[in-house]
Amino acid sequence: MLLSAPAGIDDILPEQVARWRFVEDKARELFARYGYSEIRLPLFEDLRVFVHNVGETSDIVEKGMFTFDSGEDHYCLRPEGTAAAVRAYLQHNYPKTRPFQKWHYIGPMFRHERAQKGRKWQFHQLGVEALGASDPLLDAEIIALAGHLFDELGLSGYRTVLNTLGCGDCRDRYRRTLQEQLGPQRGRLCADCQRRMDRNIFRVLDCKQEACQAVSAGTSTLQEALCGNCRSHFEATLQGLRILEIPYEINPRLVRGLDYYTGPVFEFVHPGLGAQSALGAGGRYDNLIAENGGPALGGAGFALGLERILIALEALGQTQALAASPALHAFLVSIGPGTREPLFQLAGKLRRGGLRVDLDHEGRSVKAQMRSANRSAAPFVLVLGCDELAQGQITLKRMDTGQESKIPLDSVLSVLRPGAADLPG
RNA sequence: GUGGGUGUAGCUCAGUUGGUUCAGAGCGUCUGACUGUGGCUCAGAAGGUCGCGGGUUCGAGUCCCGUCACCCACCCCA
């Protein structure tokens with residue numbers, strides 16, 4: 001019986017890697033343009049890093065993490081990046097040395113949920129964290145950055161939805177209001193929402209059930225409970241978006257599942273994604289640093305689902321025009337006894353000289369070697385037969401015209417090298 | 001954790017009311033078409049315990065049960 005990868009974990013095969021790199025490369029370039037330097041964080045952490053921050057009652061912590069023990073210590077595969085970034089920020093004393101940090105990361109995250117479209121056990125996030133400041137223009141900046149990335153990728157049709165959750169006080173006040181307004185209607189809510197009422201009552205607001213929506217439609221919105229500071233921060237964020245001419249829409253019922261969010265939160269949704277409709281999401285978390293033992297410094301960030309971006313691009317038909325890897329400069333074909341080793345030697349020289357070349361390793365016929373050459377998309381083929389070998393020459397064939405010429409064996413590098421920069425790839 | 005759907009060659013799928021074309025097609029792969037040369041065309045070949053295990057039947061990809069895997073959805077979230 002052949003083994004296969006665990007459920008919910010995909011191999012990213014060579015044929016697919018070009019698409020991944022297309023997104024990753026573009027993201028890295030843009031992150032740098034916005035001043036977000038890369039940080040590489042561990043794939044597993046002390047369990048407490050996430051339990052306290054993501055939320056004890058969130059599904060991620062309740063049943064969604066891969067955990068394991070080593071002796072007395074409890075660990076988990078990271079389910080998200082923000083809490084780990086904050087941990088590193090504090091561990092390395094950034095608040096005291098250089099409190100304002102703009103970081104980005106790209107890498108795998110792990111959540112133990114039933115897999116479905118756009119939801120895997122191992123998935124990949126592109127994330128950004130701006131730590132140590134509470135400037136509302138930072139909220140606007142990261143929203144703009146995500147949108148900019150989508151635009152650069154040719155990912156059209158996404159919507160930017162935002163809302164504000166308010167500070168702790170606003171939320172406490174609003175929570176009480178909701179409890180009062182929803183309490184008497186509890187029986188009309190679905191079973192999930194009745195559960196949500198006790199765990200995270202805000203999530204009742206974005207339940208998909210019609211009955212629940214009808215009930216929650218009658219409740220007051222958080223906007224009405226917002227304190228002056230939160231109101232002006234949100235306004236300033238929106239103003240920042242307008243300055244940058246970023247289109248957005250406000251959804252007062254947008255709620256985030258992670259506990260650490262405060263203030264503005266946002267989501268990028270796309271119709272090509274299926275039920276998991278968010279390309280990415282994020283928001284401000286002004287209490288997170290303090291709650292982890294640091295000073296009262298704010299932060300904001302987002303995480304985008306790499307697979308989801310790929311799904312959306314696929315839905316848009318933006319899949320072609322991506323070479324799997326740079327094409328070879330030349331494919332080397334050997335004909336007849338005694339030619340293989342000299343050809344192998346030539347390959348070594350050409351590679352040392354900076355050219356991408358390859359040759360057959362399956363003992364295939366000349367015709368088959370030519371087929372390989374053709375498939376490789378190499379613009380040139382070098383044919384070494386007994387005749388050429390005896391003359392110290394090699395046949396250089398242009399694959400586009402089929403034109404052939406013999407050149408001295410030791411001149412190959414200098415003949416191909418000048419044009420190498422013009423070659424595809 | 002809960003539903004629903006699907007499981008036939010490497011890939012995409014046909015296989016009608018269970019019975020000598022039900023083991024097939026297309027694509028892909030490989031070989032060959034005046035003995036050292038690709039892309040097009042033509043010819044041919046390889047490749048499948050029909051997910052797995054039971055059962056019903058004279059006889060099962062084709063019916064029943066179980067099981068596993070995958071997909072989609074709920075939930076949750078990127």
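The sequence lines fix the lettering, A, B, ..., with proteins before strands; numbering per chain opens at 1.
In this structure, A/Gly280 reaches the sugar-phosphate backbone alone: every heavy-atom distance under 4.0 Å involves primed, P, OP1 or OP2 atoms, never a base. Here A/Leu279 lies in heavy-atom contact (under 4.0 Å) with sugar-phosphate atoms only. Residue-level contact check: A/Gly402 touches the bases, meaning some heavy atom is under 4.0 Å from a base atom. Nucleic acid contact for A/Ala373: none, since no nucleic acid atom lies under 4.0 Å from a heavy atom of the residue. Using a 4.0 Å heavy-atom distance criterion, A/Val333 is classed as making no nucleic acid contact. Residue-level contact check: A/Gly118 touches the bases, meaning some heavy atom is under 4.0 Å from a base atom.
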Q. Could you run down nucleotides 27-32 of chain B 5' to 3' and tag each one B, S or - for protein heavy-atom contact under 4.0 Å?
A. --SSS-
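A donor-acceptor contact under 3.5 Å is not formed by the side chain of A/Arg196 with the base of B/C76. At a cut-off of 3.5 angstrom, counting only N and O atoms as typed in the model, there is a donor on one side and an acceptor on the other between the side-chain of A/Arg111 and the base of B/A78. On a pure distance criterion of 3.5 Å, a polar donor-acceptor pair joins the side chain of A/Glu388 and the base of B/G36. For A/Asn374 against B/G38, a side-chain N or O and a base N or O form a donor-acceptor pair under 3.5 Å. One cannot find a donor-acceptor pair under 3.5 Å joining the base of B/U37 and the side-chain atoms of A/Gln369.
Nucleotide B/U2 forms a pair with B/A73, judged by Watson-Crick or G-U wobble geometry with both contacts under 3.5 Å. For B/A43, the paired nucleotide is B/U31, the pair qualifying as Watson-Crick or G-U wobble because both relevant distances are below 3.5 Å. Across all strands shown, B/A60 remains unpaired; no Watson-Crick or G-U wobble contact has both distances below 3.5 Å. B/U67: Watson-Crick or G-U partner is B/G51, with both key distances under 3.5 Å. Under the Watson-Crick and G-U wobble criteria, each requiring two contacts below 3.5 Å, nucleotide B/C22 is left unpaired.
In textbook terms, a nucleotide whose glycosidic angle is within 90° of 0 is syn, while B/G36, being further out, is anti.
In this structure, CD on A/Glu307 lies 8.5 Å from NZ on A/Lys120, to the nearest 0.5 angstrom.
No option in A/Phe110, A/Trp121, A/Phe123 other than A/Trp121 meets the side chain to side chain contact (heavy atoms under 4.5 Å, CB included) test with A/Ile9.
The gap from the P atom of B/G3 to that of B/G48 amounts to 38 Å, rounded to the nearest Å. When the C1' atom is compared between B/G24 and B/U20, the two are found 16 Å apart, to the nearest whole Å. B/G5 and B/G44 have their C1' atoms separated by 40 Å, given to the nearest Å. Nucleotides B/G47 and B/G10 have their C1' atoms positioned 9 Å apart, rounded to a whole Å. Rounded to whole Å, the separation between the C1' atoms of B/A60 and B/C52 comes to 16 Å. Separation of the P atoms belonging to B/C64 and B/U17 is 14 Å when rounded to the nearest angstrom. Comparing the P positions of B/U31 and B/C40 gives an interatomic distance of 15 Å, to the nearest angstrom. Taking atom P in both B/C50 and B/C42, one finds a spacing of 33 Å when rounded to whole Å.
Without hydrogens or angle criteria, A/Asn163 side chain to A/Pro252 main chain gives a donor-acceptor distance under 3.5 Å. Under a 3.5 Å cut-off, the side chain of A/Tyr158 and the backbone N or O of A/Gly147 do form a donor-acceptor pair.
Here A/Arg111 does not pair with A/Glu80 in a salt bridge; the nearest charged N to carboxylate O distance is not below 4.0 Å. Taking 4.0 Å as the cut-off between side-chain N and carboxylate O, A/Glu180 and A/Arg176 do not count as a salt-bridged pair. The existence of a salt bridge linking A/Arg284 and A/Asp135 is excluded, since no basic side-chain nitrogen approaches an acidic carboxylate oxygen closer than 4.0 Å.
Proximity of A/Met399 to A/Phe331: side-chain heavy atoms (C-beta onward) are nowhere separated by under 4.5 Å. Counting heavy atoms from C-beta on, the side chains of A/Val204 and A/Thr219 never come closer than 4.5 Å. You'll find the side chain of A/Leu382 reaches within 4.5 Å of the side chain of A/Leu350, heavy atoms only. Two residues are said to be in side-chain contact when any heavy atoms from C-beta on lie closer than 4.5 Å; A/Tyr174 and A/Leu226 fail this criterion.
In this structure, A/Lys120 reaches the B/C71 phosphate: one of its side-chain N or O atoms is under 4.0 Å from OP1 or OP2. Residue A/Arg256 places at least one side-chain N or O closer than 4.0 Å to OP1 or OP2 of B/A78. Contact check, A/Gln116 against B/C74: a side-chain N or O comes under 4.0 Å of OP1 or OP2. OP1 or OP2 of B/G3 has not a single side-chain nitrogen or oxygen of A/Arg114 nearer than 4.0 Å.
With rounding to whole Å, A/Phe110 atom CZ is found 16 Å from B/A78 atom P. To the nearest angstrom, C1' of B/C77 lies 13 Å from CD of A/Glu307. Taking atom CD of residue A/Glu267 and atom P of nucleotide B/C76, one finds them 13 Å apart after rounding to whole Å. One interatomic measurement links the two molecules: CG of A/Asp358 to P of B/G38, which rounds to 20 Å at whole-angstrom precision. Computed from coordinates, the A/Gln194 CD to B/C74 P distance equals 20 Å when rounded to whole Å. The CZ atom of A/Arg119 sits 13 Å away from the C1' atom of B/C71 (whole-angstrom rounding). Atom CG in A/Leu155 sits roughly 14 Å away from atom C1' in B/A78 (whole-Å rounding). What separates CH2 of A/Trp121 from P of B/C77 is a distance of 19 Å, to the nearest Å.
When each of B/U37, B/C76, B/A78 is scored by its nearest atom to the side-chain atoms of A/Thr395, the top-ranked nucleotide is B/U37. Comparing B/C76, B/G38, B/A73 by their nearest atom to the side chain of A/Lys117 picks out B/A73. The side chain of A/Ile335 sits closest to B/G36 out of B/G36, B/A78, B/G38.
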Please produce a list of atom pairs where a protein N or O lies less than 3.5 Å from an N or O of nucleotides 40-44 of chain B.
none

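With RNA chain B read from its 5' end, the first of the two nearest nucleotides for A/Ala281 and A/Gly274 is the one closest to A/Gly274.
Taking every heavy atom of both residues into account, A/Thr160 and A/Pro247 meet most closely at CB-O, 3.7 Å.
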(Q) A/Leu162 vs A/Leu238, test: side-chain contact (heavy atoms from CB on, under 4.5 Å). Steps then yes/no. (A) CA-CA 9 Å; A/Leu162 62 160; A/Leu238 299 181; 3.7 Å; yes
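By the side-chain hydrogen bond (donor to acceptor under 3.5 Å, both in side chains) test, A/Asp46 pairs with A/Arg48, sequence neighbours left out.
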